[in-house]
Structures are given as structure tokens and as C-alpha cells.
2 protein chains.
Amino acid sequence: MKPVLDETHDPNVQSWVESANDAGSDFPIQNLPFGVFRPRAESADARVGVAIGESILDLRGMQSKGLLADNSVPLASACAINSLNPLMALGPGARRALRRRLHTLLRDDAPASGRSSVSRHLIAQADVEMLLPAQIGDYTDFYASIFHATNVGKLFRPDNPLLPNYKYVPIGYHGRASSLVVSGTPVRRPCGQTRDAASNDAPKFGPTRSLDYELEVGFFVGTGNSLGETIPIAEAEEHIFGICLVNDWSARDIQAWEYQPLGPFLAKNFATSISPWVVTMEALAPFRTAAFARAEGDPPPLPYLFDESDQRYGGLELWLEVSILSPQMREAGVAPVVLGSSNFRDMYWTMAQMLAHHASNGCNLRAGDLLASGTVSGAEKTARGCLLELTSRGADPVTLPSGERRKFLEDGDEVILRGCCEREGFRRIGLGNCRGTILPASTS
Amino acid sequence: MKPVLDETHDPNVQSWVESANDAGSDFPIQNLPFGVFRPRAESADARVGVAIGESILDLRGMQSKGLLADNSVPLASACAINSLNPLMALGPGARRALRRRLHTLLRDDAPASGRSSVSRHLIAQADVEMLLPAQIGDYTDFYASIFHATNVGKLFRPDNPLLPNYKYVPIGYHGRASSLVVSGTPVRRPCGQTRDAASNDAPKFGPTRSLDYELEVGFFVGTGNSLGETIPIAEAEEHIFGICLVNDWSARDIQAWEYQPLGPFLAKNFATSISPWVVTMEALAPFRTAAFARAEGDPPPLPYLFDESDQRYGGLELWLEVSILSPQMREAGVAPVVLGSSNFRDMYWTMAQMLAHHASNGCNLRAGDLLASGTVSGAEKTARGCLLELTSRGADPVTLPSGERRKFLEDGDEVILRGCCEREGFRRIGLGNCRGTILPASTS
């Protein structure tokens, strides 16, 4: 559907929370992403909040003082719990009303009397621990970048890189919900079975030697559907709450040996990291763009995946970047170096298409379920979203500023994902970041 | 580990709940499976219970009256909630103590005074609705029958039916948790993309024409492991709570088109049915048997999947059967007809191997997670656990007593799974059944 712009997108509005007005802030008043946090100082409960500049507005506190205007039981319950699931389930109407209310309270022309009551519920982001934003019942990972699919396909099937279903089916598979972790959680190098593809020797069990990141975008289900019911493509966006960054850590050697015929399993399910702030569909409205232009000769989407409005606005101008900081770089005080940067507008399938496809067989999606895009790569070599592609499976290592070379990740490496939306005439909207550092394999 | 037999396995013990003493009962006093039920007559809460003959013992009621002897907070909490997750998390020690206590209370030489207080907490199974036994955080499906893998492989790759990883890797993939349903829930025929393999035409979207069942055994995780930690094979059985029947409904035409390269997705996640009673590892102790004997020349399991005790006792003599009742048969008053019967002892991988493999990369398993075996097939044609195998993908239809033929399931067909353990010198232990009837595809 056509994105709606209103006063919450006005780039000239500033906030009385001054850090939100910095040009480089990910969280200006035009963003207002939701997350779950726990104050470090107290033995405090986790609660839901909204990022504004370098602060967080505590929604539980706001609601308990009647400051959110809406005193309904559903919103009160949604603010009283330690996950965003109930707020997600409330649907787009309640979310939009809450956004407008928060915008009114936080803009710099808000009455001074209101400011002082609101400011009591602000806490510095530096003083909190961020948690997973939702209880994620099911996590599904797609494969929606044709550039990624083609690059990976070339490595495994040089003559036939793209399988015949790719342009018809938004390919996806179920990932592991239990091992989703929030940004900052260290990731232990997994052990598993691997076998040298050239040999017929028995496989060996040990630490992976080709640990990789995958630069992805995740989107959370808001209102779900009942088992046996579908979600028409024209309504699909109304079922999406918002987006985050996803690093789908992957052990390529384990994957190559295990994935036939049922897909990746232990190569992926040891950990998946996500950024803590969920940027709502409303905040993204100014950055919507046409769906990826299919090449001449490509088939059109089947009718259940085709919607005129989705074709016009279903894409998203979202610039993404993945950086690495090795232990040597850290020691030398060198900044993380960018390994790849891509744009989410280059995905072959839109979020609405992925969601409508997922529910097209009657599979029930629930509030808080996470769908991820798969690695976001572009046409250029600089736009490759994982090391498998970037180094051609290790054949062409990258050189870091420290002079070190990387085919795949080493212990101690930190991987940092970032993302932001920029467009002339609008305030920049950031996704924050998604970090993870590799711990050595367990020796037990 | 070696299964322990004690007085709870004594075949001569009878119960004062007389229906438990019928030779054909699935639930004699030697079984005592756990489940979650809701009494129909009252607007009552769901609660945990134990099956005994044709009745259920209400554990919440028993605990509230102090009848379970253990008045600890953990057990009281575990009995007060509407899922088995907390009881599962308590681990094998608490579970075994509870089993011994229930056995003492229900045996026919229990003091009459105790009987009358216990009998107040019995309710007829006919008067309750059974629910899913646990909140299943993650559901994983394996592929552990070499007969099934070979039969299916022959249909798709006649020259190379079994992939090179099969004898090393307990192949598995993540299924959908949200669409797990309890036995008795109708299953709507899914729609999806299918393409005639022989043509190069565009795929079509519509109701599946090759809807299938899969006869499987599921096992629930009891105590889990932390992210980044493993579960050694020698300890794996201590992490299993018990087993149930699983019907992994599958749309074969959707599957054939979508599954490359990331595995089955919409072909499976529209519904998976499970039986409501979880038969504990203790109840199964008399029926443990050696792991499947690998053929001469087969590689031994890698060390992380090898345990002497698991090789000797890791198998399970569990007879399984799948039947069908078509609408015509129902109308004619004909009984369901058996389509296949197999034995769980014929699996290439043991439950301990599947669980140890799952956690071998540090993937965290949680109490209530469900692992399923994959289709249980045997060497004989009569032991094929799905129609894909039984009819050779529809080439060789089966004929029902009504004269109808089936390549795959038709609307209105009911599929019934059953399972039981029998061994000379022990009481027969049943798993109950797992039923589902096919509803026509939605026309919306």
C-alpha cells in the first residue's frame, strides 16, 4: 500500500531531547523505534521503551502515569510486559496512534509542563542492557537477493548458478528460535562434521574453519493469521510491525557437508544475532521505493505474489554495511573496516511478498515471529554481504588494515552491521547496529 | 545408559482403576504418560494429568491436596500450569520420583483410605479435551530411517538414492512450531506452487494434489543445555522426557518444486499433528534394544555420536501403524484399514544420537522442544511410513476396502497413527493415537 506521510516525518521538527537532533543520530524524533531494556543500576525488570537520541523513553513508566493518553487495557498490558509481542499484536492502528502521541510529547515545541513529567521516564542508553525485543516463536530465513543466490550458486554449480524455482518462489526455510541473541552477545565458534570435498575420506568433527557472517534485514510480524488462513499480498504490509538488522552466522564447511537434502541445520543454528531496536514501518514510510525491477524475460510474480501497490512501493531504500574489527586492529586502535555495503532495495522479493508467500499455505504467523531476508548483496563486488561471496569461498582473501588476511572469521574478530535510510528532504533514520565477537571453540 | 527396571514395571501389578487392567489398554499402571487436558463440562482451566486406563488423574488437584508427597515449590509450580514444560525442565530425578509415587497410589493393593482421596481427582478421558502437551519452542525433524531415505532417494535420484553424508550425519532440519496441533485437529489441504517436472511451463498456484502423511515418533527435551554448550552422547538420554506420535503432513508436489536449495518449507509447515500423551523414558525401559545394526562396510558413528551403552540399549522396540478411513468407508461402517506398519527399532540413528548431534554445535535445546524421527519405514513394502513411498509417488495406487484407490490423500480422509511397545514378560504400553481429517482447500 502507498506509504502515508504525516507530521511525524517532517524533517524540520526537532526534539527537546537534544541528542536526537544530531545529524548523525540513528534515533531522531522521526524514528522512534521500539525495544526492550533493563536498567543496569537497579535490580530492575526488563521493560519496553522507545529510543530517542542517546536516551530511551520508558513506556511502562509513561503508561503507569497516564502519559500515553490511551489508557486502554490492551496498551497498558502491552507496556507492562518484558517483550514487544503484545504491542506487536495490537496492530498498525494502535502503533500509529502511539507514534503520534510520542512525537507530540517529544517535539521541541511541546509545552514545558509536559516535558518535565516525560523527562522523568528518560534513561541514558549507556545505562541499560538491551534485550531481545520479542519472544520470537518462529524464525524464518529467506534467500531474497538474486545477487547472493547467483554468487553462491556459481561457487557450487558453475554451469547452473540459479535454480529454476528462484524467480517464482521466495525461497525460505525455518531457522532456530532458541539461539537468537541480541547484539553484543559473543558467539562461540561451533564444532561440527566437515569433509574435504575433494576426498572420499570420512568426515572429521571439530571447530569450523569457515565461519562467516551474513548481512540481513529482519522484519517482525505484528498481527498474525489463524492456522489455515492466508494473508493476501495487498494486506501483507499491515501485518509487519517493523525491521531490524540480522547477522545469520554460518559455518560454511559444516553447511556444505550437511545441507543435502533437507537444507542448512547445524551450520546456522548455533547463533543468530539481531539488533535491539525495531524500526517501525511508519518510520520507514519516506524511504519506500519500487520493487526490484525484474530483468527483461523474467516471469512476472504469480498472482498471489503480485500487487500493484507493492510493485510501486514495496521496496525500501535502506543502506547496509558490514565491518570487521580484528584483535590486532583493536590493539592498534584502528577503526573497524567496511567489508561490504549493499542496499535493501536490490532484493528480488519484497517483504510483503515473503510474508504473503509464508502464509499462502495457511501457515499461521504469530505476533513477534521474525522473518529475515537472507544475505543482502548487490551487483558490485563491494556489495557482497558475506565472506563466502566476498572471498569466493576463501580463494580470494581480503586484506585488513592491519595487514592480516581473512578467508573467513578468526577468533576474536568482531563483526558490526549497520543500516540507515537516507533521502533528500527527510531526516536520516538509523537501525542502530548489530555486533558480535567470535569466541574460540569450546575444548570440552 | 542401561535402562533401569523397578517395581513400576512389574507386569503383575494391577490398578484399582479397573479400566487400566484391560489387556488392550494403552495406559496400564506400568505406563503413566503425561498430558495436558481441559475438562469439557466446566469452563475449566487446562491442567496437567496422567492417563490411567480410561481415566486421567488431575495432577493439579492431587498436588493442591498434598497427595503427591513432594510438596516442593518446583513440583507445585509444575502441576499448577497448563503445559508440561516446567515438569520437563525438572529433569529425570523428579520425574522418576513422581512416577513411583503415582504407581504406589494407583496400584490395587494401595490402602483404601488413600484410594478415596485419590479417586476424587480422576476424570474420564471421554469428558476432557486434550491439548498440546507443551509449549514447543522449537520443533526439529530428522530423517533417521535409512529405509525411508533410500526409498525416497530412489524416486528422485534412481542412480544415487542415498547421499554420501547419510551414514555420518543424522540429517535434520527445523520445522514450524506455530502449526503443531494436537491429535483430532482437522487439517486443511494447503495451496502452493507446483510445476509439472516434465514441463518448462510456469508453475501454478493451487491446492496440492499430492497430500501425504508421515508416520513418525517425536521426543520431548526435558532438561536443556545452555547456548554454546554441548550434550555428550553418554548423557543424551537423561535430557529426553518422553515420546509421542507425530504425523508430519506433507504436500509432495509443493515440496518437489520448492525444496532446492534450502529444504522443505511450505510443503510441511501448514500442520504437524502430535498425539497428546507423552510416554516417559521410564515407561519405555523394558523395551529398549540395541541400536540398528549397521551393514558390513558402513562406517562406525563418529566418536561424538558413539556410546557403548547407546549401541546396546539406544534402540526401542516400538511397533507403529498408520491407518486410513475414507468418507466412503465411514459411510459404509467399514473400519479404518492399515496402510503401513513399521518398528522404531529399525531407525539408523538413535534418539540419543539425534539429540547429541543437535547440541554438538552448541545449539541450545530447551525443555519442551520437540525432536521428531522422520518417517519410520522398514525394509518391507508393508513397512513404508508414507504414501510417497507406498505408492511410488502415485505410480502404484493403493486400493481401499471400499474399492477406492489412493495415490495421495483425498478430502475427508482420516489418518490414524498408533504405536505400542510389547515384549514377553511385560505389560503392553501404548502411545494412544494421533488422528487428523483432511478438510478441502480454502477457496478464499
Side-chain angles (χ1 to χ4, degrees), chain A residues 137-138 140-141 143 153 156 163-165 168-169 171-179 181 188 190-193 195 200 202-205 227-230 251 254 257-267 269-271 299 302-304 357-358 360-366 369 439 442 444, chain B residues 137-138 140-141 143 153 156 163-165 168-169 171-179 181 188 190-193 195 200 202-205 227-230 251 254 257-267 269-271 299 302-304 357-358 360-366 369 439 442 444:
Chain A
D138 277 290
T140 303
D141 199 16
Y143 194 57
F156 292 91
L163 293 166
N165 57 13
Y168 294 100
V169 181
I171 297 288
Y173 70 105
H174 290 295
R176 181 83 189 171
S178 72
S179 55
V181 295
R188 189 166 294 286
C191 292
Q193 286 191 36
R195 189 170 80 158
N200 274 319
K204 292 189 169 62
F205 183 83
L227 186 64
E229 292 183 1
T230 62
I254 297 173
W257 174 234
E258 76 170 359
Y259 90 104
Q260 296 262 29
L262 300 182
F265 181 50
L266 299 188
N269 67 9
F270 57 93
L302 292 188
Y304 80 103
H357 179 66
H358 203 324
S360 65
N361 66 344
C363 178
N364 54 327
L365 308 180
R366 298 176 293 191
D369 284 350
L439 300 179
S442 174
S444 73
Chain B
D138 278 290
T140 303
D141 199 17
Y143 194 58
F156 292 91
L163 292 167
N165 57 14
Y168 294 100
V169 181
I171 297 289
Y173 70 106
H174 290 295
R176 181 85 189 169
S178 72
S179 54
V181 296
R188 190 166 293 285
C191 292
Q193 285 190 36
R195 188 170 81 158
N200 274 321
K204 292 190 170 63
F205 183 83
L227 186 64
E229 293 183 358
T230 62
I254 298 173
W257 174 234
E258 75 168 1
Y259 90 105
Q260 297 260 29
L262 299 182
F265 180 50
L266 299 189
N269 67 8
F270 57 93
L302 291 188
Y304 81 101
H357 179 67
H358 203 323
S360 66
N361 67 344
C363 178
N364 53 327
L365 308 180
R366 298 177 292 192
D369 283 350
L439 300 179
S442 175
S444 74

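- If you measure heavy-atom distances from A:P203 to chain B, the contacts under 4.5 Å come from both the backbone and the side chain.
- Considering only residues two or more places apart in sequence or on other chains, B:A251 meets the side-chain contact (heavy atoms from CB on, under 4.5 Å) condition with B:P190, B:T208, B:D253, B:I254, B:F270.
- For chain A, the option among B:C191, B:G362, B:G192, B:G153 with the highest count of heavy-atom pairs below 4.5 Å is B:C191.
- For A:P303, no part sits under 4.5 Å from any heavy atom of chain B, backbone or side chain.
- When every heavy atom of A:D138 is checked against every heavy atom of B:G175, the shortest pair comes out as OD1-O, 4.3 Å.
- Neither the backbone nor the side chain of B:P299 comes within less than 4.5 Å of any heavy atom of chain A.
- The shortest distance between side-chain heavy atoms of B:H174 and A:T140 does not fall below 4.5 Å.
- Ring orientation note: the planes of A:H357 and B:F265 are tilted relative to one another, at an angle of 30° to 60°.
- Both the backbone and the side chain of A:L266 come within contact range of chain B, each with at least one heavy atom under 4.5 Å from a heavy atom of that chain.
- Aromatic ring orientation, A:Y168 versus B:W257: tilted (interplanar angle from 30° to 60°).
- Most heavy-atom pairs under 4.5 Å with chain A: of the set B:H358, B:R176, B:K204, B:Q260, this distinction falls to B:R176.
- Of the atoms belonging to A:L439, not a single heavy atom falls under 4.5 Å from chain B.
- With hydrogens and angles ignored, the 3.5 Å screen pairs a side-chain donor or acceptor of B:S178 with a backbone N or O of A:N364.
- Chain A forms more heavy-atom pairs under 4.5 Å with one residue of B:Y143, B:Y173, B:F205 than with any other, namely B:F205.
- Contact tally against chain B (heavy-atom pairs below 4.5 Å) for A:L227, A:D141, A:N269, A:L163: the top residue is A:N269.
- Counting heavy-atom pairs closer than 4.5 Å to chain A, the top-ranked of the candidates B:P164, B:G137, B:A271 is B:P164.
- Nearest approach of B:I171 to A:E258, heavy atoms of both residues: CD1-O, 3.6 Å.
- If you measure heavy-atom distances from A:L262 to chain B, the contacts under 4.5 Å come from both the backbone and the side chain.
- Between chain B and the options A:G228, A:A267, A:A202, the largest number of non-hydrogen pairs under 4.5 Å is found for A:A202.
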